[in-house]
Student: 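The structure that follows is given in the form of structure tokens.
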Amino acid sequence: MPELIEVEVYRGVADLAIGRTVAAVEAPDAWFLKGGITAADVAAAIEGAAVAATDRIGKLLLLDLGPDRPTLGLRFGMTGRLVLDGNTPIQRLEYSSGRDDPAWDRFALRFTDGGRLRMQDPRRLGGVQLDPDLGLLGPDAWTITLGELRAALGRSSAPLKARLLDQSRVAGLGNLLVDETLWRAGLDPARPAGSLDATELRRLHRTVRSTVQLLFDRGGSHTGDLQVERRWDGRCPKDGAPLQRRTVGGRTTYSCPVHQLAAA
DNA sequence: ATTGTGGCCTGCCCGC
DNA sequence: TGCGGGCAGGCCACAA
């Protein structure tokens, strides 16, 4: 599913729209428009504007439409794809479909040059927003600093995994990426977030950043070493132990009971 | 404030 | 062959 890695790839797609002018907005699905806006609102706000720049914070993709225009915020949920002029860098998403049914087009920008940037989302878990509140997002996981991570975890008693999934604390990590990271860092997802000592915190910090980079280089959040073992009889790729399957932070969680220790 | 839970969305896959 | 039920997780509303 789209975590920050996939959204960064989508950003690359959106970059190809820079300099192009929005001729029309297609918003056939009112549910997909968030924050109480209508299709007419969006059209009035951005038609005639050109895409000036793109940005990404966590899983949120931003289209800067120039001064005096609202910024367009695109969220992809877990099944959303971005397609430009019929091309998409990601054909098949984990837990989604590889088909391209026109009925799944939830939002699109039609450009004056005839091109079209569209969001395709079978399950309608994504959405579009004008001027999204960036203050609701924590620092981006890809570039988070040690101090920022320390602050994000705080003295919390919530499970470590839950804090890492909380987009207001750390932006961009999803279920697969968190499981892979904690597996690599040798930390139990259920540990209280505030229980890490300085050594563990440093290890987690390095591992978050390196895991995002590694999986990006490999081509997606689903390319982690733990991924293929996410099944009932999965085994730890490090030590061969049967993996533990639990719900932590409300999410299906796989971890190794041998090397992902509950405490230092 | 913090933490946990349940619901929403709907395609897909499994078992009958 | 069709059908029902469970499952996936990002996000949000709500409860304690």
Side-chain angles (χ1 to χ4, degrees), chain A residues 1-10 27-37 56-61 73-82 90-107 119-129 132-138 140-141 151-182 189-195 212 215 220-222 224 226-234 245-255:
Chain A
M1 73 297 311
E3 302 186 24
L4 83 170
I5 289 173
E6 284 73 22
V7 179
E8 181 64 22
V9 174
Y10 292 156
D29 186 352
W31 165 262
F32 218 65
L33 302 178
K34 307 300 181 182
I37 54 174
R56 179 195 58 78
I57 303 176
K59 305 171 192 174
L60 178 66
L61 179 61
L74 309 181
R75 289 182 193 279
F76 297 91
M78 70 178 273
T79 54
R81 294 196 300 178
L82 191 66
I90 298 177
Q91 292 294 340
R92 179 82 162 92
L93 279 171
E94 208 70 12
Y95 304 121
S96 187
S97 169
R99 285 163 49 208
D100 184 2
D101 188 328
W104 298 342
D105 288 345
R106 309 299 180 188
F107 184 83
M119 292 178 75
Q120 182 211 57
D121 185 358
R123 296 185 206 176
R124 306 168 79 203
L125 290 167
V128 173
Q129 221 177 339
D133 184 355
L134 305 183
L136 299 176
L137 292 174
D140 191 80
L153 300 183
R155 294 184 181 81
S156 171
S157 64
L160 178 56
K161 175 170 180 173
R163 273 276 164 140
L164 293 174
L165 285 173
D166 183 342
Q167 301 300 299
S168 72
R169 309 281 180 178
V170 179
L173 301 179
N175 199 39
L176 301 185
L177 214 30
V178 167
D179 273 11
E180 178 76 13
T181 296
L182 294 177
R191 273 184 67 169
S195 73
V212 171
L215 269 53
S221 320
H222 61 289
L226 194 61
Q227 180 66 27
V228 290
E229 301 295 331
R230 293 183 75 89
R231 53 172 205 264
W232 69 274
D233 60 345
R245 183 190 198 271
R246 295 172 282 176
T247 298
V248 179
R251 297 283 163 249
T252 301
T253 300
Y254 286 84
S255 62

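The figures here come from the full heavy-atom set of this structure, side chains too, leaving out hydrogens, waters and symmetry mates. Residue numbers begin at 1 in each chain, while the letters A, B, ... track the order of the sequences. Just so you know, these numbers come straight off a predicted model, no measurement behind them.
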Student: Output the single nucleotide from B/dC9, C/dG9, C/dG10 whose closest atom is nearest the side chain of A/Leu176.
Tutor: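 From the listed options, C/dG9 comes nearest.
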Student: Which of the following nucleotides, B/dG11, C/dG10, C/dC11, is nearest to the side chain of A/Pro122?
Tutor: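 Given the options B/dG11, C/dG10, C/dC11, the side chain of A/Pro122 is closest to B/dG11.
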Student: NA contact type, A/Arg231, heavy-atom cut-off 4.0 Å: base, sugar-phosphate, or nothing?
Tutor: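 The answer is nothing, as A/Arg231 stays clear of every strand by at least 4.0 Å.
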Student: Check the distance between B/dC9's P and A/Phe32's CZ and give it to me in whole angstrom.
Tutor: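 Between P of B/dC9 and CZ of A/Phe32: 14 Å.
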Student: Take nucleotides 1-6 of chain B nucleotide by nucleotide from the 5' end and write B, S or -, depending on whether a protein heavy atom sits under 4.0 Å from the base, only from the sugar-phosphate, or from neither.
Tutor: -SSS--
Student: Nearest whole angstrom, please: distance from the P of C/dC12 to the CD of A/Gln167.
Tutor: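 Going from A/Gln167 (CD) to C/dC12 (P), I get 9 Å.
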Student: What integer distance in Å separates A/Met78:CE from C/dG9:C1'?
Tutor: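 Rounding to the nearest Å, CE of A/Met78 and C1' of C/dG9 are 5 Å apart.
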Student: Check for a donor-acceptor pair, side chain of A/Lys34 on one end and backbone N or O of A/Trp31 on the other, with a separation under 3.5 Å.
Tutor: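 Yes: the side chain of A/Lys34 pairs with the backbone of A/Trp31.
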Student: Hey, is the main chain of A/Asp166 close enough, under 3.5 Å, to the side chain of A/Ser168 for a donor-acceptor pair?
Tutor: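 Pair absent, no side-chain N/O of A/Ser168 close to backbone of A/Asp166.
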Student: One thing to verify: whether A/Asp140 and A/Arg56 come together as a salt bridge, which I'm taking to mean a side-chain N less than 4.0 angstrom from a carboxylate O.
Tutor: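 Between A/Asp140 and A/Arg56 there is a salt bridge, with a charged N closer than 4.0 Å to a carboxylate O.
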Student: Think A/Thr79 has a side-chain N or O under 4.0 angstrom from the OP1 or OP2 of C/dA8?
Tutor: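 A/Thr79 to C/dA8 OP1/OP2: no side-chain N or O under 4.0 Å.
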Student: Which nucleotide in the set C/dA8, B/dC9, C/dC11 lies at the smallest distance from any side-chain heavy atom of A/Thr252?
Tutor: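 Given the options C/dA8, B/dC9, C/dC11, the side chain of A/Thr252 is closest to C/dA8.
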Student: Using modelled atom types and a 3.5 Å cut-off, is there a donor and acceptor pairing between side-chain atoms of A/Gln167 and backbone atoms of A/Leu165?
Tutor: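 At least one qualifying donor-acceptor pair exists.
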Student: Is the backbone N or O of A/Tyr254 less than 3.5 Å from a side-chain atom of A/Asp179, with the two atoms forming a donor-acceptor pair by type?
Tutor: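 Yes: the side chain of A/Asp179 pairs with the backbone of A/Tyr254.
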Student: Can you tell me if the side-chain N/O atoms of A/Lys34 get under 4.0 Å from OP1 or OP2 in C/dC11?
Tutor: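 So the side-chain polar atoms of A/Lys34 never come under 4.0 Å of the phosphate oxygens OP1 or OP2 of C/dC11.
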Student: Can you check the A/Asp179 CG to C/dG10 P distance for me, whole Å?
Tutor: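 It works out to 10 Å between those atoms.
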Student: How close or far is atom C1' of C/dC11 from atom NZ of A/Lys59, stated in whole angstroms?
Tutor: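 A/Lys59 atom NZ is separated from C/dC11 atom C1' by 9 Å.
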Student: Counting N and O atoms only, with roles assigned by atom type, does the side chain of A/Arg106 sit under 3.5 Å from a partner on the main chain of A/Asp121, one being a donor and the other an acceptor?
Tutor: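 Looks like yes, one N/O pair under 3.5 Å.
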Student: Say whether, by atom type as modelled, one donor and one acceptor occur between the side chain of A/Glu3 and the main chain of A/Leu177 under 3.5 angstrom.
Tutor: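 Present.
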Student: Using rotation axes that map the C1' atoms of four end pairs onto the next four (five pairs an end), what angle separates the end axes of the helix from B/dT2-C/dA16 to B/dC16-C/dG2, to 10°?
Tutor: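 The two end axes of the helix from B/dT2-C/dA16 to B/dC16-C/dG2 meet at 40°.
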Student: Starting from C1' on B/dT10, measure out to CG on A/Asp121 and report it in whole angstrom.
Tutor: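 From A/Asp121 CG to B/dT10 C1': 10 Å.
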Student: A/Gln129 CD to C/dC12 P: how many Å, rounded?
Tutor: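 It works out to 8 Å between those atoms.
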Student: Checking A/Arg75 side chain against A/Leu125 main chain: does a donor-acceptor pair fall under 3.5 Å?
Tutor: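 Judged by distance alone, no pair lies under 3.5 Å.
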Student: Choosing from B/dT10, C/dG10, C/dC11, which nucleotide comes nearest the side chain of A/Asn175?
Tutor: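 Taking heavy atoms from C-beta onward, the closest nucleotide is C/dG10.
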Student: Counting N and O atoms only, with roles assigned by atom type, does the side chain of A/Tyr10 sit under 3.5 Å from a partner on the main chain of A/Gly80, one being a donor and the other an acceptor?
Tutor: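 Present.
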Student: For B/dC8, does either OP1 or OP2 sit under 4.0 Å from a side-chain N or O belonging to A/Trp31?
Tutor: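 No, A/Trp31 has no side-chain N/O under 4.0 Å of OP1/OP2 on B/dC8.
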Student: How many Å lie between CD on A/Glu6 and P on C/dG9, as a whole number?
Tutor: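 Those two atoms, CD and P, are 14 Å apart.
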Student: Check A/Ser221 against A/Leu215 and note the closest heavy-atom contact, atom names and distance.
Tutor: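 Heavy atoms only, the tightest pair is O-CD2, 3.7 Å.
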